[in-house]
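Following: one structure in structure tokens, then a few remarks.
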Amino acid sequence: MDLEKIANLQKEVYDANMELVRRNLIIYTWGNVSGIDREQGIVAIKPSGVEYDELTPEMIVLVSLETGKVLEGTLRPSSDTPTHLKLYRAFPEIGGVTHTHSTCATAWAQAGLPIPCMGTTHADYFHGDIPVTRFLTPQETEEAYEGNTGTVIIEAFQGKNPIHTPGVLCAGHGPFTWGKTPAQSVYHAVVLEEVAKMGLMARSLQPGLGALPQHISDKHFLRKHGPNAYYGQN
């Protein structure tokens, strides 16, 4: 184990977790962020149930990507760790995962509804609808609830590009987002909450509101993310 790299990863994951607090995306211990060192096969994640004002970089728990076992220390990792591990195994491009119970995104999840792309703010970051998973069956819930939460997320992305749509709503539960780094996964969680809020407000003004025309949605996404992207500086 490269101790210097691991310490840097723990600090990166700690900073990302604290960003959730700064962005008012969580209350109490309602969230977690993880990051991964793919070369070493190590995932770093917030410890379970630890208050954010008590958290330190050294408390970030290290687990094996392959087995999920804690590699050092006595703290238990987040109860959502099996979900994070499933996502890292299924989506090799990602380097960070965030889970919250942010209010507006969770409202859509509790309604069991995907968030349609109703405006260009959504289109700038998420290509198409933000999908919602199916509910777990009683057997899936009993056998391996958190691991099977990852399974239904992966199912929801069949035929979709998880990099183009870096977030999902777990039915009845809440959002997960991801990115190239832990910080980027938090960034996407912040954007998702704002998009969810805008969608709720737009639907309250016009209940039958549908999706943005596809050509406008595509234009906004591709000008930032496509091969000929021109948003921002070189």
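Just so we're clear, the structure is a prediction, and the values are computed from it rather than from any experiment. Below, each value reflects all heavy atoms present in this structure, side chains not excepted, and no hydrogens, waters or symmetry copies. Numbering of residues begins at 1 and proceeds along the displayed sequence.
In terms of heavy-atom proximity, S102 sits nearest to E193 at OG-OE1, 2.8 Å. Here the closest heavy-atom approach between residue L136 and residue Y145 is recorded as CD2-O, 3.6 Å. Across all non-hydrogen atoms, the minimal contact from V13 to P182 is CG2-CG, 4.1 Å. The two residues Y88 and V97 come nearest to each other via the heavy atoms OH-N, 3.3 Å. Nearest heavy atom pair, residue T106 against residue G174, reads OG1-CA, 3.9 Å. Across all non-hydrogen atoms, the minimal contact from V50 to T29 is O-CG2, 3.5 Å.
Put simply, the side chain of R38 gets close to the backbone of P92: a donor and an acceptor are under 3.5 Å apart. Side chain of R134 to backbone of A156: no donor-acceptor contact under 3.5 angstrom is found. When atom types are taken as modelled, the side chain of T83 and the backbone of E146 share a donor-acceptor pair closer than 3.5 angstrom. A donor-acceptor pair under 3.5 Å links the side-chain atoms of W178 to the main chain of P162, judged by distance alone. Using modelled atom types, one side-chain atom of T141 and one backbone atom of T137 make a donor-acceptor pair closer than 3.5 Å. The main-chain N or O of V33 is found under 3.5 Å from a side-chain atom of N17 such that the two form a donor-acceptor pair. Using a distance-only test at 3.5 Å, with no hydrogens or angles considered, no donor-acceptor pair links the side chain of K11 to the main chain of P57. For Q184 (side chain) and G96 (main-chain N/O), no donor-acceptor pair under 3.5 Å exists by modelled atom type.
Residue I115 holds its CD1 atom at 6.0 Å from CH2 of W108, rounded to the nearest 0.5 Å. With values rounded to the nearest 0.5 angstrom, I130 atom CD1 is found 12.5 Å from L113 atom CG. Distance check: L75 CG to E58 CD gives 11.5 Å after rounding to the nearest 0.5 Å. Interatomic distance, I60 CD1 to N32 CG, rounded to the nearest 0.5 Å: 10.0 Å. Between atom CG of residue L20 and atom NZ of residue K46 there is a gap of 10.0 Å, rounded to the nearest 0.5 Å. Between atom CG of residue N8 and atom CD of residue E4 there is a gap of 5.5 Å, rounded to the nearest 0.5 Å.
Taking 4.5 Å as the limit, every side-chain heavy atom of M118 sits out of range of all side-chain heavy atoms of M201.
More than 12 heavy atoms of other shown residues, nucleotides or ligands fall within 6.0 angstrom of atom CD in E93. Around the CD atom of Q139, the shell of radius 6.0 Å holds no more than 12 heavy atoms that belong to other residues, nucleotides or ligands.
Residue pairs meeting the side chain to side chain donor-acceptor pair (under 3.5 Å) criterion with at least one member in residues 113-133, sequence neighbours excluded, are D124-H220, Y125-Y187, Y125-K224, H127-D218.
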